[in-house]
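Shown next, in structure tokens, is the structure this report addresses.
We count ligands from 1, going down the list as the structure has it; atoms in each ligand are counted the same way. Values below: all heavy atoms of this structure, side chains included; hydrogens, waters and symmetry mates excluded.
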Amino acid sequence: MSATIIDGKAHAQGLRARIADAAASLSSRGVTPGLAVVIVGEDPASQLYVKNKARQTVEVGMRSFEHVLPASTTEAELLALVAGLNADPAVDGILVQLPLPKQIDAQKIIEAIDPAKDVDGFHPINAGKLMTGVPGLVSCTPLGCLLLIQSVRRDLAGLNAVVVGRSNIVGKPMAQLLIAQSCTVTVAHSRTRELPGVCREADILVAAVGRPEMVRGDWVKPGAIVIDVGINRVPNPAAGEGKTKVVGDVAYGEAAQVASAITPVPGGVGPMTIACLLRNTLEAACLRRGLPMPAVDFAA
Ligand code: GUN
């Protein structure tokens, strides 16, 4: 069997187009959603990521506010900025790029963000809402994964899902989203016994461990849907000395022989994360004003 390749780039583009339509209709009613992105430090990869977010925010017709702070920023300074953004009526969504420098307690910052503007879905209020089935803002990467899974199979009820990774950002919210879809969910991690055997039970396998190509082809159940969240930079000597390439947490070539559908890296989950951030900004803008959220996720 050769798997369907789930084109995250194309799905993200489609989602952004629908978000742009919804944003235009909001704008015509005098509401232009605004997203504030805060980055602390000069990490070039993070800066590029933030630049991409800002460009795409403007492209869908929303306002982008960027705050680039020096690596020496104190926790008190960042808390003051967050308080200002919480109070700013032009700001519907706030994203503070992680990781933060070690002098800043990231959890304190996450908890300082107004849950109604928490487009990352990291605030305990939003994590709790997800867990209890109450509508709220949902973490972007798992939301993107769910949309990609549903692009190949809408009804997931009764399927076995295995999520490899238990982070607050991906693994745990992913598990909650799949439970809400009536999957039977196993959350596996670095201490899981017989991990290959656990993965082989999965009709839906989500790999979010941050270990290059850890999930091998023979860990995949024939016909499974495989979602690879990993972004790992590894040496690529075939391309020349000192060259690198990006690979996922799944050995793609092997897994694609066994799965029914699989996301590539790059071009799978990654593009969906930013599209879902824009979707969440739209949702936050609507929720704050008591407006209905336009159905952007699966519109034709
Ligand atoms: N760093 C890596 N991924 C993310 C994300 O989704 N949100 C935030 N805030 N920081 C990140």
Side-chain angles (χ1 to χ4, degrees), residues 8 12 15-16 34-54 56-57 64-69 71 73 75 78-79 81-82 85-86 91-102 104-127 130 136-148 163 165-174 176-177 206-211 227-233 246 248-249 263 265-266 268-281 283-284:
L15 181 54
R16 285 199 306 273
L35 172 64
V37 174
V38 181
I39 175 170
V40 184
E42 283 94 32
D43 173 46
S46 289
Q47 285 190 338
L48 183 67
Y49 190 51
V50 167
K51 238 184 164 162
N52 273 337
K53 280 179 193 161
Q56 294 188 22
T57 304
S64 172
F65 308 97
E66 290 154 67
H67 298 268
V68 181
L69 308 180
T73 301
E75 189 175 280
L78 186 53
L79 285 169
L81 174 61
V82 168
L85 296 172
N86 283 342
V91 173
D92 294 292
I94 302 169
L95 179 141
V96 179
Q97 184 72 21
L98 302 178
L100 289 165
K102 57 183 182 312
I104 299 175
D105 179 345
Q107 192 59 26
K108 232 181 185 171
I109 303 302
I110 288 168
E111 292 185 23
I113 295 171
D114 178 351
K117 296 189 177 188
D118 169 37
V119 283
D120 259 328
F122 293 168
H123 193 289
I125 294 263
N126 285 320
L130 176 61
L137 293 164
V138 175
S139 191
C140 304
T141 299
L143 186 58
C145 292
L146 180 64
L147 294 177
L148 291 179
V163 179
R166 55 178 158 179
S167 71
N168 291 339
I169 294 180
V170 183
K172 287 177 194 162
M174 186 76 248
Q176 295 298 340
L177 284 173
V206 181
V209 266
R211 298 236 203 126
I227 304 294
D228 191 350
V229 183
I231 300 175
N232 309 290
R233 192 163 279 285
V246 171
D249 292 348
T263 59
V265 176
V269 173
M272 285 298 280
T273 297
I274 299 185
C276 286
L277 174 67
L278 302 174
R279 180 210 171 277
N280 282 356
T281 304
E283 183 168 24

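The immediate protein surroundings of ligand 1, defined as residues with any heavy atom under 4.0 Å of it, consist of L95, V96, Q97, L98, D120, F122.
For the salt bridge (Lys or Arg N to Asp or Glu O under 4.0 Å) test, residues two or more places apart in sequence or in another chain that qualify with E75 are K108. Listed by chain and residue number, R288, R289 satisfy the salt bridge (Lys or Arg N to Asp or Glu O under 4.0 Å) test with D92 (two or more places apart in sequence, or in another chain).
One finds the CG atom of L146 at 9.0 Å from the SG atom of C276 (value rounded to the nearest 0.5 Å).
The side-chain heavy atoms of I169 and L98, taken from C-beta on, include a pair separated by under 4.5 Å.
Remark: L69 CG is packed, more than 12 non-hydrogen atoms of other residues, nucleotides or ligands lying under 6.0 Å away.
For residues 34-44, the side chain to side chain donor-acceptor pair (under 3.5 Å) pairs, not counting sequence neighbours, are D43-S46.
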